[in-house]
A.B. asks: 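Before I ask anything, let me first share the structure, which is written out below as structure tokens.
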Amino acid sequence: MLSDLIHEIYTSMSHNKLRITLTGFSIAWGMFMLIVLLGSGNGLLHGVSENFNSMSVNTMRLYPGQTSKAFEGWAKGRQIHLDMNDLEFLASRFPKEIGNISPRVTTSVRASYGQEYESTSLSGFFPTFTQMQECNITHGRNINDMDIKERRKVIVMGDETMKRLFGDEESHVGEYVNLYEIPFLIIGRYTTKDQRRNQELIAPLTTVSALYKPDGYFSQITMKLENLETAEENEAFDRALDVAMARHKQYDPDDNSALWTWNMYEQFLQIMMVLNGLKYFIWIIGLATLIAGVTGISNIMLITVRERTREFGIRKAIGASPLSIVWLVLLESIGIAMVFGYIGMLLGVGLTSLVNFVLEQMAANSGQGPQVFKDPTVDMGIIIGANCIMILAGLIAGYIPARRAVNIKPIEALSAT
């Protein structure tokens with residue numbers, strides 16, 4: 001009967017409480033560390049993914065720099081500028097790889113409304129930029145082509161700046177603010193997952209250039225990349241772009257200071273590769289800790305089999321099958337692994353859930369955007385996998401002792417003291 005078998009296993013385990021508890025602690029600790037480490041790895045993975053979700057991952061930015069090498073009669077130290085000609089060159093040179101493309105002109109301003117004022121940044125864009133950066137227009141509208149064409153003095157205000165300037169949660173679309181005494185009409189309000197970017201004011205690029213940057217130079221160019229899925233494809237595109245821009249702007253292609261590039265998708269793939277490697281490493285560390293526990297259980301079961309040599313001999317003498325003896329030893333081994341494994345698992349899940357709750361409360365109270373460490377919990381697949389590991393650990397730990405128990409000869413067992 002199954003109930004008799006369970007009672008017998010319980011009786012056997014209760015005779016060696018201290019020894020089994022000390023050995024089971026290694027299994028509980030190994031499972032606890034595996035859950036905590038995997039939760040920590042998930043926390044890093046979720047945090048990084050959340051940060052990248054605040055903008056389109058498949059984007060690339062170009063920043064003007066200064067040459068550090070002489071090239072074909074040009075002295076080093078020459079300032080490289082980006083302008084509309086470069087925009088047209090890139091679009092025509094890489095039509096398959098570059099989708100949307102938008103320049104950016106940025107300047108510092110003081111926004112004032114009545115007696116209130118706020119120092120912030122004003123950036124001029126094309127309408128496509130907010131799509132690439134995933135800005136969520138919560139009230140009003142985004143800048144459009146007519147704003148660009150007519151150089152309208154209109155702005156889309158970030159959520160944080162609007163709260164500080166007006167002191168409330170209203171949209172204030174249709175009202176005017178002064179930027180260095182120049183009135184701008186608020187046409188929209190936006191928010192992003194990154195609260196730091198919510199302080200920026202967005203205006204038509206042509207307006208910002210005419211009023212604050214009349215030289216026509218861009219602060220940066222942002223491009224949305226297409227048909228580039230792997231790190232190798234992105235690296236090849238980066239190199240091709242460097243060579244093309246070097247010829248176009250007449251500087252050494254190996255001069256990394258002339259033009260700064262940041263391929264976000266390439267960086268994303270590299271970070272994901274590192275984090276995935278970290279998860280494999282965590283599994284190795286956790287499983288190594290569990291193996292130490294399995295070894296301890298196996299030793300305990302060997303001792304138990306030796307102490308019960310006479311009992312097993314009598315069982316075989318009265319007709320007990322080898323399978324029943326093997327099953328008895330294996331079930332006892334699995335029972336130890338499961339009981340203490342569940343204790344470690346519950347403690348690990350409890351700790352990761354507590355840390356997740358604390359992080360959520362901190363994020364809600366601080367009002368900050370994406371966190372580096374977020375949701376350090378394990379999913380159901382990990383829990384199911386941990387259960388399978390515990391059962392397998394019990395089987396492995398009990399196999400050698402069970403085989404030894406089966407090989408006991410009744411005559412030798414009955415003569416044992």
Side-chain angles (χ1 to χ4, degrees), residues 54-64 80-109 120-159 161 173 179 182 184-192 194 197-228 237 241 244-245 248-249 259-265:
S54 64
M55 57 187 71
S56 296
V57 175
N58 57 332
T59 57
M60 184 175 187
R61 297 177 183 175
L62 303 182
Y63 299 91
I80 300 298
H81 298 288
L82 296 175
D83 53 28
M84 191 61 70
N85 291 329
D86 302 315
L87 210 66
E88 296 172 355
F89 171 77
L90 289 169
S92 61
R93 177 64 178 78
F94 300 100
K96 294 182 179 180
E97 293 84 359
I98 298 178
N100 292 334
I101 184 168
S102 177
R104 173 177 182 169
V105 177
T106 303
T107 185
S108 298
V109 296
T120 184
S121 61
L122 173 67
S123 294
F125 298 118
F126 285 163
T128 54
F129 182 84
T130 54
Q131 299 172 8
M132 287 187 281
Q133 298 302 295
E134 297 190 359
C135 296
N136 181 28
I137 305 296
T138 57
H139 299 86
R141 65 173 178 85
N142 189 18
I143 57 176
N144 56 35
D145 293 335
M146 289 302 297
D147 297 329
I148 298 292
K149 182 178 180 180
E150 297 180 2
R151 300 182 182 181
R152 294 173 177 173
K153 298 182 182 67
V154 295
I155 57 171
V156 181
M157 184 173 288
D159 190 63
T161 298
V173 173
L179 306 183
I182 301 176
F184 275 72
L185 175 66
I186 301 175
I187 61 171
R189 177 174 180 171
Y190 77 91
T191 185
T192 66
D194 187 352
R197 293 179 52 229
N198 288 340
Q199 302 176 18
E200 190 174 38
L201 305 179
I202 297 176
L205 181 136
T206 51
T207 304
V208 178
S209 296
L211 293 176
Y212 305 104
K213 298 287 184 177
D215 55 18
Y217 297 143
F218 302 147
S219 304
Q220 73 177 60
I221 292 177
T222 301
M223 302 172 291
K224 186 172 184 179
L225 304 182
E226 299 177 347
N227 305 314
L228 301 174
F237 172 75
L241 185 141
M245 287 299 293
H248 178 64
K249 307 296 288 187
L259 189 68
W260 299 88
T261 62
W262 182 35
N263 189 325
M264 195 174 302
Y265 189 65

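Computation of the quantities below employed the complete heavy-atom set of this structure, encompassing side-chain atoms and omitting hydrogens, waters and symmetry-equivalent molecules.
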A.B. asks: Going by salt bridge (Lys or Arg N to Asp or Glu O under 4.0 Å), name the pairs with one or both residues in residues 137-146, residues two or more places apart or in two chains.
C.D. replies: Arg141-Asp147
A.B. asks: First locate atom NZ of Lys96, then atom CD1 of Ile98, and finally report the distance between them rounded to the nearest 0.5 Å.
C.D. replies: 13.5 Å
A.B. asks: Any side-chain heavy atom of Phe184 sitting closer than 4.5 Å to one from Thr207?
C.D. replies: yes
A.B. asks: Mind running side chain to side chain contact (heavy atoms under 4.5 Å, CB included) on Met60 and Thr261 for me, showing each step along the way?
C.D. replies: CA-CA 7 Å; Met60 184 175 187; Thr261 62; 3.7 Å; yes
A.B. asks: Quick check for you: to the nearest 0.5 Å, what is the distance between Phe218 atom CZ and Phe125 atom CZ?
C.D. replies: 12.0 Å
A.B. asks: Identify the heavy atoms of Phe126 and Met84 that sit nearest to each other, and give their distance.
C.D. replies: CZ-CE, 4.1 Å
A.B. asks: Within a strict 4.5 Å, meaning less than it, do heavy atoms of the Leu90 and Leu241 side chains meet?
C.D. replies: yes
A.B. asks: Testing Ile143, Ile137, Ile155 for side-chain contact (heavy atoms from CB on, under 4.5 Å) with Ile202, which one passes?
C.D. replies: Ile143
A.B. asks: List in chain and number order the residues that pass side-chain contact (heavy atoms from CB on, under 4.5 Å) with Ser209, two or more places apart in sequence or in another chain; answer none if no residue qualifies.
C.D. replies: Val105, Leu205
A.B. asks: CG of Asp83 to CD of Glu88: how many Å apart, nearest 0.5 Å?
C.D. replies: 9.0 Å
A.B. asks: Which atom pair, heavy atoms only, marks the closest approach of Lys153 to Leu211?
C.D. replies: CE-CD1, 4.3 Å
A.B. asks: Compare every heavy atom of Pro64 with every heavy atom of Ser219, then report the nearest pair and how far apart it is.
C.D. replies: O-CD, 3.2 Å
A.B. asks: Is any side-chain heavy atom of His139 less than 4.5 Å from a side-chain heavy atom of Ile186?
C.D. replies: no
A.B. asks: For the atom pair OG (Ser102) and CD (Gln220), what is the distance rounded to the nearest 0.5 Å?
C.D. replies: 8.5 Å
A.B. asks: Output all residues satisfying side-chain contact (heavy atoms from CB on, under 4.5 Å) with Leu185, sequence neighbours left out; order by chain, then residue number.
C.D. replies: Val154, Tyr176, Ile187
A.B. asks: Mind checking side-chain contact (heavy atoms from CB on, under 4.5 Å) for Ser121 and listing every partner two or more places apart, or none if nothing turns up?
C.D. replies: Thr106, Glu200
A.B. asks: Considering all heavy atoms of both residues, which atom of Leu87 and which atom of Pro103 are nearest to each other, and what is their separation?
C.D. replies: CD2-CD, 3.8 Å
A.B. asks: A side-chain contact here means heavy atoms from C-beta on lying under 4.5 Å apart; do Met157 and Arg189 qualify?
C.D. replies: no
A.B. asks: Taking the side chain as every heavy atom from C-beta outward, state whether Trp260 and Leu62 have any pair of such atoms under 4.5 Å apart.
C.D. replies: no
A.B. asks: Taking Asn144 for its side chain and Met146 for its backbone only, find out whether a donor-acceptor pair lies under 3.5 Å.
C.D. replies: yes
A.B. asks: Residues in side-chain contact (heavy atoms from CB on, under 4.5 Å) with Glu226, at least two apart?
C.D. replies: none
A.B. asks: Say you draw a straight line from CE of Met264 to CG of Leu225; how long is it, rounded to the nearest 0.5 Å?
C.D. replies: 10.0 Å
A.B. asks: If we only count heavy atoms from C-beta on, is the Pro127 to Ile148 side-chain gap below 4.5 Å?
C.D. replies: yes
A.B. asks: Within a strict 4.5 Å, meaning less than it, do heavy atoms of the Lys224 and Ile101 side chains meet?
C.D. replies: no
A.B. asks: Looking at every non-hydrogen atom in both residues, tell me the closest pair between Ala203 and Leu122 and how far apart they are.
C.D. replies: CB-CD1, 3.7 Å
A.B. asks: Hey, is the main chain of Gly158 close enough, under 3.5 Å, to the side chain of Thr161 for a donor-acceptor pair?
C.D. replies: no
A.B. asks: Working to the nearest 0.5 angstrom, can you tell me the gap between Glu97 CD and Met223 CE?
C.D. replies: 10.5 Å
A.B. asks: Do Ile182 and Tyr212 have side-chain heavy atoms sitting under 4.5 Å apart?
C.D. replies: yes
A.B. asks: On the 0 to 90° scale, with breaks at 30° and 60°, tag the Tyr217-His81 ring pair as parallel, tilted or perpendicular.
C.D. replies: parallel
A.B. asks: Return the set of residues passing side-chain hydrogen bond (donor to acceptor under 3.5 Å, both in side chains) with Glu150 (not counting sequence neighbours), or none when no residue passes.
C.D. replies: Arg152
